[in-house]
Amino acid sequence: MSSEKVIAINYGKLALGIRKRLSEFAVALNLGEISTNPPPLRHKLEGRNLWAVSISKNFRIIFQTGDGDPGQIKSIIIADVCDYH
Amino acid sequence: MNENIKLVNPGILIKDYLDANGVTQTQLAKLTGYSEKQISLILNDKSPLTKAFAEALEEELPGNSAAFWLRYAEKFQEQELKEASELNGLDYKAWDSKFHLAKLFKKMPFIGKTDQINLVKDAIGINSLNDKFSHRFVYDNNVVFLRDESKCGKENREYLDLWLSVAVHLDSLRADSEKRMFVGKDALSSLLAKYKPLWQTTNSEQLIANISYFASAAGIRVILCNSAPLTYVRGATFPYKGEICIVLTNRFKTIEYVVFAFVHELMHITNGDVSLDKEHTEILDEGGIGEAVISGVAKNYFVSPGRYKELRSLCKNSTLPPRGKEMLFGIAREEKTTPGMLVTFLQHDKGINYSSFRECIHPFYLSTTT
């Protein structure tokens with residue numbers, strides 16, 4: 001089964017937002033290509049190598065990376081999709 | 001970085017960037033020297049994303065390089081070509097004409113054509129177009145499930161059958177899906193009595209949560225989904241693979257009607273019309289909550305027949321006089337229900353018209369993807 005269907009079934013309203021961010025991840029060569037401006041608003045979180053990108057006003061995708069500069073990070077592990085508030 | 005995701009259209013993504021940065025299409029046109037028409041064609045994926053346009057985006061939307069946008073458009077193009085060649089091998093047209101795919105998935109644009117075919121295969125258990133299969137849901141001949149006569153007939157019965165199969169199948173794919181063990185008729189009756197206050201909510205999301213809560217207590221699978229496109233069907237109740245299933249759709253316009261319909265369907269179950277050892281499907285249609293007897297039982301659950309009769313007798317000229325209005329609120333309090341429920345019953349029984357007491361009823365929204 002394809003990824004987009006699984007996302008749609010499990011995340012409902014948030015599905016398109018999640019797919020937008022995952023599409024960017026798929027095309028980006030490294031983390032540096034994911035914008036720190038809106039809409040992804042990539043930002044570092046407290047905690048070792050944890051980052052977030054926005055999918056809606058309240059919701060974020062949290063992901064983990066290896067050590068290094070965003071320009072050198074080439075793979076990420078999605079940790080969670082959660083509500084900040 | 002991640003190779004398995006299906007990319008969203010570049011136009012959709014660029015629009016997201018423009019919105020988030022407060023850049024309008026008109027502004028973009030001015031800044032880039034493109035005409036608004038050209039911009040609109042690119043954003044709707046009707047024109048290819050050019051190098052010059054990508055460079056303009058780089059300038060207007062800091063944080064993304066022109067190379068990124070060009071690569072994105074290229075990868076998307078590759079994906080489209082791959083999907084098109086896959087589809088050629090699948091013979092989508094033949095599947096569509098046999099299983100009404102385009103109609104069935106009209107409201108689920110996120111499900112691609114390949115997936116549509118796979119879903120139908122899984123839902124009805126076939127491997128190829130010519131495999132034999134039998135329709136799983138057998139409709140009772142006495143149940144009128146469509147108001148429009150022209151839409152009745154064999155074709156629609158098969159179509160609705162497919163629609164129900166797909167709805168159940170999609171629901172079973174949810175991560176939180178679990179097998180429901182029905183508690184039995186008697187236990188269901190006592191749960192209904194115990195949880196009557198659940199139906200006092202006037203908020204869509206809360207109502208959906210309450211229905212889910214009740215369904216899990218009663219061991220019933222409740223599926224909330226889009227209605228079958230191009231039909232008037234609102235919902236259905238049926239036994240399926242050892243579970244009792246109730247399908248409710250976004251065709252209900254008010255909270256009170258959803259509550260009435262849900263309880264109506266539960267009454268069919270307590271009445272034994274739908275049970276695990278009986279092949280029978282109850283269909284709710286657009287014409288309202290039909291079947292007077294069960295509707296009567298459902299109504300008596302919310303308000304005692306005597307009190308309702310008193311209230312009904314006060315209706316004059318399709319409306320309630322002030323004294324009736326007072327009584328309406330009084331009865332709602334006594335019976336632990338909402339004035340909206342009573343208004344819905346009165347409207348249904350043609351005691352008052354649909355334009356009166358609009359303030360008591362609440363719109364129902366179902367945001368769903370399946």
Side-chain angles (χ1 to χ4, degrees), chain A residues 1-43 51 53-57 59-61 63-66 68 70-81 83, chain B residues 1-10 12-22 58 61-65 67-76 78-79 83 105 108-116 118-119 122 169-177 224-225 365-370:
Chain A
M1 192 168 56
S2 75
S3 53
E4 96 231 58
K5 207 166 71 192
V6 179
I7 297 170
I9 291 167
N10 287 301
Y11 289 101
K13 274 190 281 193
L14 295 173
L16 182 61
I18 293 177
R19 282 186 51 213
K20 283 175 187 165
R21 297 292 85 83
L22 294 185
S23 297
E24 290 160 7
F25 283 140
V27 169
L29 297 177
N30 56 58
L31 192 57
E33 284 204 326
I34 304 297
S35 179
T36 51
N37 294 323
L41 206 69
R42 166 175 60 87
H43 56 281
W51 301 76
V53 285
S54 300
I55 46 182
S56 74
K57 206 170 155 202
F59 283 84
R60 310 281 181 270
I61 296 176
F63 59 96
Q64 196 164 26
T65 64
Q72 263 111 49
I73 293 171
K74 292 194 166 37
S75 73
I76 61 164
I77 297 165
I78 308 271
D80 200 4
V81 173
D83 187 346
Chain B
M1 294 193 267
N2 175 342
E3 301 293 328
N4 297 321
I5 180 82
K6 185 177 172 189
L7 303 181
V8 299
N9 295 29
I12 293 178
L13 195 63
I14 297 170
K15 273 186 211 157
D16 194 29
Y17 274 76
L18 297 178
D19 288 347
N21 290 285
E58 175 179 301
L61 304 169
N64 290 85
S65 64
F68 173 82
W69 290 115
L70 285 170
R71 195 180 330 119
Y72 193 98
E74 193 188 318
K75 290 242 162 145
F76 182 76
E78 279 170 22
Q79 171 182 295
E83 204 176 272
F105 293 99
M108 298 181 242
F110 54 86
I111 295 185
K113 289 180 174 173
T114 317
D115 277 337
Q116 293 180 5
N118 289 336
L119 260 176
D122 293 348
H169 183 64
L170 278 173
D171 194 67
S172 70
L173 295 175
R174 299 179 73 96
D176 55 358
S177 172
L224 298 159
C225 63
Y365 306 103
L366 178 59
S367 55
T368 170
T369 50
T370 54

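Lettering of chains follows the sequences in order, A, B, ..., and the numbering in each one begins at 1.
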In Å, rounded to the nearest 0.5 Å, how long is the span from CG of B:Asn9 to NZ of A:Lys20? 11.0 Å

Would you mind telling me which of B:Ser65, B:Pro62, B:Ala67 has the largest number of heavy-atom pairs within less than 4.5 Å of chain A? B:Pro62

So do B:Tyr72 and A:Ser23 actually touch side chain to side chain, heavy atoms under 4.5 Å? yes

Kindly write out the residues that satisfy side-chain hydrogen bond (donor to acceptor under 3.5 Å, both in side chains) with A:Glu33, not counting sequence neighbours, or none if the list is empty. B:Arg71

Going by the rule salt bridge (charged side-chain N to carboxylate O under 4.0 Å, His left out), which residues pair with B:Lys113 if we only count those two or more places apart in sequence or in a different chain? none

Could you check whether any side-chain N or O of A:Asn37 sits under 3.5 Å from a backbone N or O of B:Leu61, counting only pairs where one atom can act as donor and the other as acceptor? no

Short side-chain to backbone donor-acceptor contact, A:Ser35 and B:Asn64, under 3.5 Å: no

Of all heavy-atom pairs linking B:Tyr17 and A:Pro38, the shortest is CD2-O, 4.4 Å

Evaluate the side-chain proximity of B:Asp16 to A:Arg21: yes if any heavy-atom separation is below 4.5 Å, no if none is. yes

Atom of B:Ile5, atom of A:Leu22 and distance for their closest heavy-atom approach: CG2-O, 3.6 Å

Quick one: does A:Glu24's side chain get under 4.5 Å of B:Leu7's, heavy atoms only? no

